[in-house]
Amino acid sequence: QGALLPNTSFEIFVQAFNVSGTSDSAVISTYTFANQPSAGSFAGVTTGQVVINWNINSNNVNTLYYAELSTNASHLPVQNNSGWVNATYFAVNALSANVTYFAQVKARNANNIETVFTELNSTATLARAPVVTLWSVFDLNVTSITARWTDNSNSTGTLYHLEFATSTDLAGAVTSSDTFVLTASSISLTPNTSYAFRVQAVNHSGLRTNFAASEATCTLTALPVLNSPNFSMSDLGISSVTIQWQSNGNPLNTTLYRIQ
């Protein structure tokens, strides 16, 4: 018998007959197999949640489904499962930020005969915005500064995008870089000049967080260089001397010098 629907009850019996009449067997009822569910998409992805969706693939409304979530493409070990549910989605909470998860789902009919699993591809939870660390004296040099931040519970292997500029509004970025660690340095900077940075995290799907911005800080002043020879005849007076030096890269009008 053909043209039966998936996971649907049907009855069958056998009838024998001859010239004297017919004889019927007992009636047997059973269910057709369920169809393997078809792949849907992920939804509701946050830093700690994903919603797995699938399609019924012509199964009837009473069909049950079993979904699994794992951090490995092999689906072992299984981190979360839905149990057998009469639904077409599975919301999983309390996940880690910026971790790639793999999902699969199967169906079973009313006789508890299961289909094989359907692969539902993978997705990554969103990353958390990093938290900027306050500047320390060890971060500041004459022509370089070192930016530091914490991962804010992002997984190992999270990519960070960093931008340095001479103002806290980050207008006109001086340098930018990408790194998998929690620190980055900007070099070849101008002494005694204000700088700030901002950093964002990028998840494994390429989705970026908002920027976390630092306060502005200044590079250290460069040691001024005395003229050589130190004094010329024009520098010497009866009751005064004129001392001259070179700025050594320090910006004019903003660098203050003390003479002792």
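Linking Ile, Leu, Val, Met, Phe, Trp and Tyr whenever their side-chain heavy atoms come within less than 4.5 Å puts Tyr160 and Trp135 in one cluster. With hydrophobic clusters built from ILVMFWY side chains whose heavy atoms lie under 4.5 angstrom apart, Val241 shares a cluster with Ile259. Cluster membership for Leu140 and Val142, using ILVMFWY side-chain heavy atoms within less than 4.5 angstrom, is shared. Hydrophobic clustering, with ILVMFWY side chains joined whenever heavy atoms are under 4.5 angstrom apart, groups Ile145 together with Leu220. The hydrophobic cluster containing Val50 does not contain Tyr89, counting ILVMFWY residues as joined when their side-chain heavy atoms lie under 4.5 angstrom apart, directly or transitively.
Judged as a ring pair (Phe, Tyr, Trp, His ring centres under 6.0 Å), and not counting sequence neighbours, Phe180 has no contacts.
Residue-environment remark: CG (Leu236) exceeds the threshold of 12 foreign heavy atoms within 6.0 Å. Enclosure of atom CD1 in Ile187 is not indicated, since only 12 or fewer non-hydrogen atoms of other residues, nucleotides or ligands lie within 6.0 angstrom. Within a 6.0 Å radius of CG in Asn112, more than 12 heavy atoms belonging to other residues, nucleotides or ligands are found.
Between the His204 side chain and the Val99 main chain, no donor and acceptor come within less than 3.5 Å of each other. Side chain of Asn203 to main chain of Ala127: no donor-acceptor pair is present (N/O by atom type, distance under 3.5 Å, no hydrogens or angles). Thr193 contributes a side-chain N or O that, together with a main-chain N or O of Pro191, makes up a donor-acceptor pair within less than 3.5 Å. A donor-acceptor pair under 3.5 Å links the side-chain atoms of Thr219 to the main chain of Thr190, judged by distance alone.
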Would you check, one step at a time, whether the test side-chain contact (heavy atoms from CB on, under 4.5 Å) holds for Tyr257 with Asn250?
-> CA-CA 10 Å; Tyr257 299 92; Asn250 291 315; 3.5 Å; yes

Worked verdict on Tyr101 versus Ser96 for side-chain contact (heavy atoms from CB on, under 4.5 Å) = CA-CA 10 Å; Tyr101 291 94; Ser96 299; 3.9 Å; yes

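A donor-acceptor contact closer than 3.5 angstrom is absent between the side chains of Ser58 and Asn35. Counting only N and O atoms by type, the side chains of Thr47 and Thr125 include no donor and acceptor under 3.5 Å apart.
Ring planes of Trp54 and Tyr65: tilted class, angle from 30 to 60°.
Using a 4.5 Å heavy-atom threshold, the side chains of Gln36 and Val116 count as touching.
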